[in-house]
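Below, chains carry the letters A, B, ... as their sequence lines are ordered, and counting in each starts from 1.
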Protein chains: 2
Amino acid sequence: MSGPEQVATGVQLDPDRIETVELILDLSQAMTANLCAAAREHGLTPPQARAVLGLGAPAPMRDLANHLSCDKSHVTGLVDGLERLGLVDRQPDPRDRRVRHLVLTPAGQRVRDQLRVRLYVDAPAVGNLTPTEEEQLRALLRRALQPTD
Amino acid sequence: MSGPEQVATGVQLDPDRIETVELILDLSQAMTANLCAAAREHGLTPPQARAVLGLGAPAPMRDLANHLSCDKSHVTGLVDGLERLGLVDRQPDPRDRRVRHLVLTPAGQRVRDQLRVRLYVDAPAVGNLTPTEEEQLRALLRRALQPTD
DNA sequence: TATTGTTATACTCTATAACTATA
DNA sequence: TATAGTTATAGAGTATAACAATA
């Protein structure tokens, strides 16, 4: 569905810019699909996998909700599932008894490690670049994402 | 401090690689958020906006389902909404009366043009690069996404 | 028999609001 | 009064399966 530009009705857009945007979206989509496949292989839904990835250190449920950009009520169900799978424990905070700290179990740590290998080491496409090229790519992306003055 | 190593469970990953992947995901997420905001401003849901973007040329509903990587039954409801908004028409195929061709109305074309401006011209971050830098970025991304030899 | 699109149904993801138990 | 987490509920988004019309 990417035929020639409809000049009569379409706006004039820079084809180079279109390619840039499409390349970034394509790469991101490949990475996301790769992560979702890894999640399935571990019996996790994609949101559960993101939660596990976010638990590099113990954190209150509120913090995880912030990290996932979702409501705290949603985290309850997410963590219920991870607890049933034996990947996460809820631990009380001795200083504030309202708070529950989410802590990965050893099994949870292993799953997280494997998800990170899939997301980072087995990252699709990026591994095709040499280290030098990858550094050039990082430099350009950093500059692009830098807040404008 | 001679206790057991507290983070001994984590695998060691290349921090540079992690940064590369995070940068790509961040940039893609900014672009997606920008598109979703544009969709909202036009009274469209994000999937509806993606459908409009996919209709650069008239196409059967099955083709749109392929383009959106979703089931054809889902396209029915999506297009129902766009038809109610006056952005899309269903037109019969004279050669095969099972097929309905989806055609953007003039209003639909205008919405598509504006979505494309938001997605491509107003692309967040990429506009911070010079044309030369953007070409370097494209070259690297193209090489990364190229199927491995 | 196979395919296009629709309908009916159900499941996942996520939000809002009301509730509890703390603080 | 305000906050952390839970529960109940509702609404998108999407899939599967059965179906109708057509090929």
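- Residues A:E135 and A:R142 are paired through a salt bridge, judged by an N-O separation under 4.0 Å between the basic side chain and the carboxylate.
- Contacts of B:R100 classified as side chain to side chain donor-acceptor pair (under 3.5 Å), with partners at least two apart in sequence or in another chain: none.
- Considering only residues two or more places apart in sequence or on other chains, B:D80 meets the salt bridge (charged side-chain N to carboxylate O under 4.0 Å, His left out) condition with B:R90.
- Across the protein-nucleic acid pair, A:L102 atom CG and D:dT6 atom C1' stand 14 Å apart, rounded to whole Å.
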Listing time: all N or O pairs from protein to nucleotides 20-23 of chain C that are below 3.5 Å?
| residue | atom | partner | partner atom | Å |
| --- | --- | --- | --- | --- |
| C:dA23 | OP1 | A:R97 | N | 2.8 |

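- In this entry the distance linking CG of A:L44 with P of C:dC13 reads 11 Å, nearest Å.
- Taking every heavy atom of both residues into account, B:L55 and B:L104 meet most closely at O-CD1, 3.5 Å.
- Between B:K72 and B:M61, every side-chain heavy-atom pair lies at or beyond the 4.5 Å cut-off.
- Within a heavy-atom distance below 4.0 Å of DNA chain C, the residues of residues 71-90 of chain B found are B:K72, B:S73, B:T76, B:R90.
- In this structure, the salt bridge (charged side-chain N to carboxylate O under 4.0 Å, His left out) partners of A:D96, at least two apart in sequence or on a different chain, are A:R98.
- For A:N66, the side-chain contact (heavy atoms from CB on, under 4.5 Å) partners at least two apart in sequence or on another chain are A:R62.
- In plain terms, the two heavy atoms of A:R112 and A:V52 that are nearest each other are CD-O, 3.2 Å.
- The separation between B:N66 atom CG and D:dA15 atom P is 12 Å, rounded to whole Å.
- At the phosphate of D:dA4, OP1 or OP2 sits under 4.0 Å from a side-chain N or O atom of A:R62.
- In this structure, the CG atom of A:D63 is 13 Å from the C1' atom of D:dT3, given to the nearest Å.
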